[in-house]
There are 2 protein chains.
Amino acid sequence: MSDTTPETGNAFDIKDFPQLYSVLNDEDKEFLLSNHVVKYYAKNDKIYGEGEKPKGLLCLGSGKVKVYKEGIGGREQIVRMVAAPNFLGYRALFAEDVHIASAVAIEECTIFFIPKDVVFKLISSNSKVCKNILRSFAVELGFTRYRTVSLTQKHIRGRLAESLLFLRDIYGYKDDGITLDIQLSREDIANFSNMTTSNAIRTLSTFVNEKVIAVDGRTIKIVDETKLERISKLG
Amino acid sequence: MSDTTPETGNAFDIKDFPQLYSVLNDEDKEFLLSNHVVKYYAKNDKIYGEGEKPKGLLCLGSGKVKVYKEGIGGREQIVRMVAAPNFLGYRALFAEDVHIASAVAIEECTIFFIPKDVVFKLISSNSKVCKNILRSFAVELGFTRYRTVSLTQKHIRGRLAESLLFLRDIYGYKDDGITLDIQLSREDIANFSNMTTSNAIRTLSTFVNEKVIAVDGRTIKIVDETKLERISKLG
DNA sequence: ATAAAAACATGTTATATAACACAAATTTAA
DNA sequence: TTAAATTTGTGTTATATAACATGTTTTTAT
């Protein structure tokens, strides 16, 4: 992590983080502006790790992050793929617990750090802040529960298809309207879909053969959305 | 569901629901007391179902509830076992979504229903209410994520052992200190542990043979906690 | 009290997928 | 610019567990 501006020079600031800033009154805006820290992370930088204690709220202002848990025999399970703007690592904060997952920047990130006491002061004085955080939790819990069922019940093809559709939902397409706006290693795709890397590679190949997707290195195009959704649905 | 007092005559009321009542000031207490409904459910009564829209907040005052999702081919996955006092069905409320799971009373329950607008008024006027709900979400999200990894990565023995330990954590023991204070069908145990009923039965039997647990019908005693924890940990 | 239904139990077979092995391609480092 | 390491790709084998079959016991309904 670096405290200097990133090379790209994109000047993101907390005013562009709607879940927090846009619902505050002028006084609280002033308070927040003078009580947060902007942090920059390069690709592959660790943002927090399992077992660490959160010192405040993290707000992903720009960039992409993967959140994963170490499982049996060090096998990594990606439990969340995060797009900006979104809260990050807030579960541990509100459970008054240590982090039970790790977060890594999968591309350059801007993160706004808000100290614990500042967060709780904002929540106390502004119920809209509270509602936004509640909504984030509710949406994420829904996603996680849905995934539990998919990852345990669907077969490999269904799991992979669903993962690709989730990546579409989270990061969207590039300008061409078919290229997923995220680059992941086969291993990350496997860890997100609960399968071995070999099987992720194999199944991606069969999807290419079936003309459901097109692959060029780590660039994935969804060629036949309907078919992919059918594969995901059938399990 | 019935609106009359249950046969047992246990007079639970919302004053015994600490997550809400104990943090309110006198005015809000009055407001809550005159703006909620007490509902009674018999064993096996459905409390809400997938696709329904929540009309308010449910607070489980007494009794036990299972929350499950319909998966592939109608296969049911229990995503939460609830003990009183606890919030229930609140994810959909705060996500402004329909229920994505169903809730069924596994024994007689008392539930306090608080209409949506009353809930939001309480949250606005009292940040401690908000914090309590945030904590519930945070704890539950942690549990759900932990489970996702266990249910996908652990083998049958580990999954079943873990489920039994979770049931112990959630419902505790009876007075003898070894009998789980919850009665479940083998099918429910299977649906909680992501396995077929046959395999749940089979694995319970091997645990009995290994003197880890003792079983009499639906009554389960944990005879060797250390061994059970080891089985759960090894996966 | 008896029939019907549901739950429990156990043995056998089929199969999805992990595990393993190895090669090729690509990226990183020296 | 060459070597080393990592990632990607593919074929084979082993195995955990679902699926199936069938019988027994317990519960529920009449």
Side-chain angles (χ1 to χ4, degrees), chain A residues 42-44 66 71-78 104 106-107 149-163 183-210 213-220 231 234-235, chain B residues 42-44 66 71-78 104 106-107 149-163 182-210 213-220 231-232 234-235:
Chain A
K43 188 175 171 175
N44 295 325
K66 70 168 174 180
I72 312 299
R75 202 176 134 199
E76 154 178 326
Q77 173 69 48
I78 295 178
V104 165
I106 52 181
E107 57 180 53
V149 177
S150 296
L151 294 182
T152 56
Q153 296 195 0
K154 285 185 180 177
H155 287 177
I156 276 199
R157 285 169 59 85
R159 296 207 299 274
L160 183 61
E162 185 181 282
S163 291
Q183 304 252 98
L184 290 176
S185 68
R186 303 292 192 269
E187 194 182 0
D188 278 342
I189 292 174
N191 292 341
F192 188 48
S193 312
N194 181 39
M195 62 185 64
T196 56
T197 308
S198 303
N199 278 329
I201 292 168
R202 218 187 302 270
T203 312
L204 280 172
S205 295
T206 70
F207 285 178
V208 171
N209 287 335
E210 292 166 8
I213 62 172
V215 169
D216 177 19
R218 294 187 176 180
T219 302
I220 297 176
I231 296 170
L234 291 178
Chain B
K43 189 176 168 171
N44 295 325
K66 69 168 174 179
I72 312 298
R75 200 176 134 200
E76 154 178 325
Q77 172 70 48
I78 295 178
V104 165
I106 52 180
E107 57 181 53
V149 177
S150 296
L151 294 180
T152 55
Q153 296 195 359
K154 284 186 181 177
H155 287 178
I156 277 200
R157 285 169 59 84
R159 298 208 297 275
L160 183 62
E162 186 181 280
S163 291
I182 176 81
Q183 305 252 100
L184 290 177
S185 68
R186 301 293 192 270
E187 194 182 1
D188 278 342
I189 293 174
N191 292 340
F192 187 48
S193 312
N194 181 39
M195 62 186 65
T196 57
T197 307
S198 303
N199 278 329
I201 292 168
R202 217 188 303 267
T203 311
L204 280 173
S205 296
T206 70
F207 284 178
V208 171
N209 288 335
E210 293 168 4
I213 62 171
V215 169
D216 177 19
R218 293 187 176 180
T219 302
I220 297 177
I231 295 169
S232 169
L234 291 178

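Just so it is clear, the structure is predicted and the values come from calculations on it, not from any experiment. Below, read A as the first sequence line, B as the second, and so on, with proteins coming before strands; counting in each chain starts at 1.
Nearest to the side chain of A:Arg202, among D:dT12, C:dA7, D:dC20, sits D:dT12. Closest to the B:Arg186 side chain, of the nucleotides C:dA9, C:dT17, D:dA18, is C:dA9. The A:Ile156 side chain lies nearest to C:dA18 when the options are C:dA18, C:dC20, C:dA16. For A:Arg218, the listed nucleotide lying nearest its side chain is D:dT8; candidates were D:dT12, C:dT12, D:dT8. Residue B:Thr196 places its side chain closer to D:dA19 than to any other of C:dA19, D:dA19, C:dA16.
For the pairing with B:Asn191, the side chain to side chain contact (heavy atoms under 4.5 Å, CB included) check across B:Glu76, B:Gln77, B:Arg186 returns one residue only, B:Glu76.
Rounded to whole Å, atom P of C:dA7 lies 13 Å from atom CG of B:Leu184. Distance, B:Asp216 CG to D:dT26 P: 10 Å, rounded to whole Å. Nucleotide C:dT17 holds its P atom 13 Å from the CG atom of B:Asn194, rounded to whole Å. In this structure, CZ of B:Phe207 is placed 17 Å from C1' of C:dA9, rounded to the nearest angstrom. Distance, A:Asn199 CG to D:dG9 C1': 12 Å, rounded to whole Å. In this entry the distance linking CD of A:Glu187 with P of D:dA5 reads 18 Å, nearest Å. Distance A:Gln153 CD to D:dA18 C1': 12 Å, rounded to the nearest Å. Between A:Lys154 atom NZ and C:dA16 atom C1' the separation is 17 Å, expressed in whole Å.
Looking at heavy-atom distances under 4.0 Å, A:Ser205 makes contact with sugar-phosphate atoms alone, never a base. Among the atoms of the strands shown, only primed sugar atoms or phosphate atoms (P, OP1, OP2) are found under 4.0 Å from some heavy atom of B:Arg159. Using a 4.0 Å heavy-atom distance criterion, A:Ile201 is classed as a base contact.
With hydrogens and angles left out, the side-chain atoms of B:Thr196 and B:Asn199 include a donor and acceptor closer than 3.5 Å.
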- [ ] Kindly determine whether A:Met195 and A:Arg202 satisfy side chain to side chain contact (heavy atoms under 4.5 Å, CB included), including the steps that lead there.
- [x] CA-CA 11 Å; A:Met195 62 185 64; A:Arg202 218 187 302 270; over 6 Å; no
TODO: Evaluate the criterion side chain to side chain contact (heavy atoms under 4.5 Å, CB included) for residue pair A:Ser185 and A:Arg218; output intermediate values, then yes/no.
DONE: CA-CA 6 Å; A:Ser185 68; A:Arg218 294 187 176 180; 3.5 Å; yes
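The shortest side-chain heavy-atom distance between B:Asp188 and B:Gln183 does not fall under the 4.5 Å cut-off.
Comparing A:His155 and A:Ser198 along DNA chain C, the residue whose closest nucleotide (by nearest heavy atom) sits nearer the 5' end is A:His155.
For B:Ser185, no side-chain nitrogen or oxygen approaches OP1 or OP2 of C:dA7 to under 4.0 Å.
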